[in-house]
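Accompanying notes for the structure given below.
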Amino acid sequence: MKLIRFYILLIFGALSFNLKAQQAPNKLEVFQDTLIKISARVIAAQSNTQKLEINGNFVKTLVEALKSPNSFSYPFDSLKNVSVIKSSDQAFRILSWYVLLEDGTYRYYGAIQMNTKSGPLKLYPLIDQTENLADPNSITNNQKWFGARYYEIVPVTSGNRLPYYVLLGWKGNTQFTTKKVIEILSFDKDNLTFGAPVFDGKELKGKNRVIFEYAKSNAMTLKTDLKAGMIVFDHLASFNPEMKDTFEYHGSDGTFDGFKIIGGRLILQEDITLNNDPNASDELYADPKKNVKPIRKF
């Protein structure tokens with residue numbers, strides 16, 4: 001009888017231990033909660049000095065979190081201010097975010113975390129040098145980064161050429177304009193490079209990255225389209241022909257262009273047609289090219 005009671009107590013003890021272990025917060029969850037609180041303080045700060053100082057604490061805390069075992073697989077998906085995107089080959093991921101400054105400009109922060117399996121952390125800090133780049137088309141590295149908040153990674157491989165990655169990023173600019181960027185990232189042993197002359201098309205010779213700039217009050221599409229098999233984007237044009245060099249007067253003209261990856265290069269395709277899935281509200285749309293009035297439903 002005593003032996004039975006012993007085994008019962010042993011089983012209940014084990015169950016209780018497992019329950020407590022399940023209820024105990026994961027170390028990375030604790031880090032994430034701390035980071036959420038720090039990011040809220042950055043937003044609430046009243047001066048640039050305070051914002052950047054608190055963000056410095058955010059950076060240190062994030063690095064400590066990434067030093068945790070198996071951190072590469074932790075999504076940080078509750079940390080809404082940080083974009084976390086992983087390459088499809090699982091080789092690395094990019095964490096990027098920004099701090100909005102008092103004058104309406106932005107400072108960008110980020111890091112590239114390599115997938116070292118269970119090995120030590122291998123991290124490339126991304127240092128935003130946008131203001132100090134004499135030529136925004138120059139080939140740079142992680143210490144001279146043309147800062148952006150990335151949201152998509154497209155891998156490119158071809159023949160004997162070293163593989164590279166196309167990064168699509170949002171780049172808030174000033175109170176008047178926004179930018180988006182098509183960036184090229186490549187690795188060679190322990191070095192990484194931003195920018196490469198892989199673009200073909202009108203006015204693209206020698207381009208190492210493509211930068212779009214348009215009115216802040218407008219939106220711009222820049223994404224991969226699986227149906228089209230390319231990277232697609234709004235064609236930007238000036239609202240006023242006399243202001244063609246003033247980007248706060250630029251926006252989409254209703255047409256689309258794209259880059260098709262052929263032979264390891266990004267080949268420009270102009271004035272493409274995008275076919276969306278049929279939608280019940282399609283008949284409400286008026287195509288300006290056909291001068292057709294929409295059907296009104298009551």
Are [X] and [Y] grouped together when hydrophobic residues (ILVMFWY) are joined by side-chain heavy atoms under 4.5 angstrom apart?
| X | Y | result |
| --- | --- | --- |
| Leu79 | Ile94 | no |
| Leu168 | Val232 | no |
| Leu121 | Leu62 | yes |
| Ile54 | Leu95 | yes |
| Val99 | Trp145 | no |

Minimum heavy-atom separation for [X] and [Y], please, with both atom names.
| X | Y | value |
| --- | --- | --- |
| Ser71 | Leu28 | CA-CD1, 3.9 Å |
| Ile184 | Ala196 | CG2-CB, 3.8 Å |
| Val156 | Gly264 | CG1-CA, 3.9 Å |
| Ser138 | Leu133 | OG-CD2, 4.1 Å |
| Gln143 | Pro125 | NE2-CG, 4.3 Å |
| Ala148 | Val181 | CB-CG1, 3.8 Å |

Keeping the roles fixed (side chain from [X], backbone from [Y]), state whether a donor-acceptor pair exists under 3.5 Å.
| X | Y | answer |
| --- | --- | --- |
| Gln46 | Ala44 | yes |
| Lys205 | Lys202 | no |
| Glu183 | Gly169 | no |
| Asp234 | Thr221 | yes |
| Lys216 | Glu248 | no |
| Tyr74 | Leu66 | no |
| Thr105 | Leu101 | no |
| Arg93 | Asn115 | no |
| Thr177 | Glu213 | no |
| Asn137 | Lys207 | no |

Evaluate whether atom [atom1] of [X] has more than 12 neighbouring non-hydrogen atoms of other residues, nucleotides or ligands under 6.0 angstrom away.
| X | atom1 | answer |
| --- | --- | --- |
| Gln90 | CD | yes |
| Lys122 | NZ | yes |
| Lys144 | NZ | no |
| Phe256 | CZ | yes |
| Glu53 | CD | no |

So, taking the atom named [atom1] in [X] and the one named [atom2] in [Y], what distance separates them when rounded to the nearest 0.5 Å?
| X | Y | atom1 | atom2 | value |
| --- | --- | --- | --- | --- |
| Asn208 | Ile182 | CG | CD1 | 13.5 Å |
| Lys51 | Leu100 | NZ | CG | 6.0 Å |
| Asn218 | Ser252 | CG | OG | 8.0 Å |
| Leu236 | Thr255 | CG | OG1 | 9.0 Å |
| Lys27 | Asn70 | NZ | CG | 11.5 Å |
| Asp253 | His235 | CG | NE2 | 5.0 Å |

Begin with the C-alpha distance, continue with both residues' side-chain angles, and end with the deciding distance and a verdict on side-chain contact (heavy atoms from CB on, under 4.5 Å) for Ile43 and Asn81.
CA-CA 10 Å; Ile43 295 170; Asn81 66 310; 5.7 Å; no
Kindly write out the residues that satisfy side-chain contact (heavy atoms from CB on, under 4.5 Å) with Thr193, not counting sequence neighbours, or none if the list is empty.
Ile139, Ser186
Residues Asn141, Asn191; criterion side-chain contact (heavy atoms from CB on, under 4.5 Å); working and verdict
CA-CA 8 Å; Asn141 56 31; Asn191 299 313; over 6 Å; no
Kindly indicate whether the side chain of [X], heavy atoms from C-beta on, has any atom under 4.5 Å from the side chain of [Y].
| X | Y | result |
| --- | --- | --- |
| Lys180 | Tyr151 | yes |
| Leu204 | Leu268 | yes |
| Ile211 | Phe146 | yes |
| Leu266 | Ile261 | yes |
| Thr34 | Glu64 | no |
| His250 | Phe212 | no |
| Ile272 | Met230 | yes |
| Arg107 | Asn48 | no |

Please tell me whether [X] and [Y] form a close aromatic pair, meaning their ring centres lie under 6.0 Å apart.
| X | Y | answer |
| --- | --- | --- |
| Phe259 | Phe233 | yes |
| Tyr106 | Trp170 | yes |
| Phe92 | Tyr165 | yes |

For a side-chain contact (heavy atoms from CB on, under 4.5 Å) check, start with the C-alpha distance between Phe58 and Val82, then their side-chain angles and the critical distance, and finish with the verdict.
CA-CA 11 Å; Phe58 182 94; Val82 178; 3.7 Å; yes
Classify the side-chain pair Thr224/Glu152 by whether it contains a donor and acceptor separated by less than 3.5 Å.
yes
Is it the case that Arg149 places NZ or CZ above or below the six-membered ring of Tyr108, under 6.0 angstrom from the centre and within 45 degrees of the axis?
no
Which is it for Asn55 and Tyr98 under the side-chain contact (heavy atoms from CB on, under 4.5 Å) test, yes or no, and what are the steps along the way?
CA-CA 10 Å; Asn55 187 71; Tyr98 62 83; over 6 Å; no
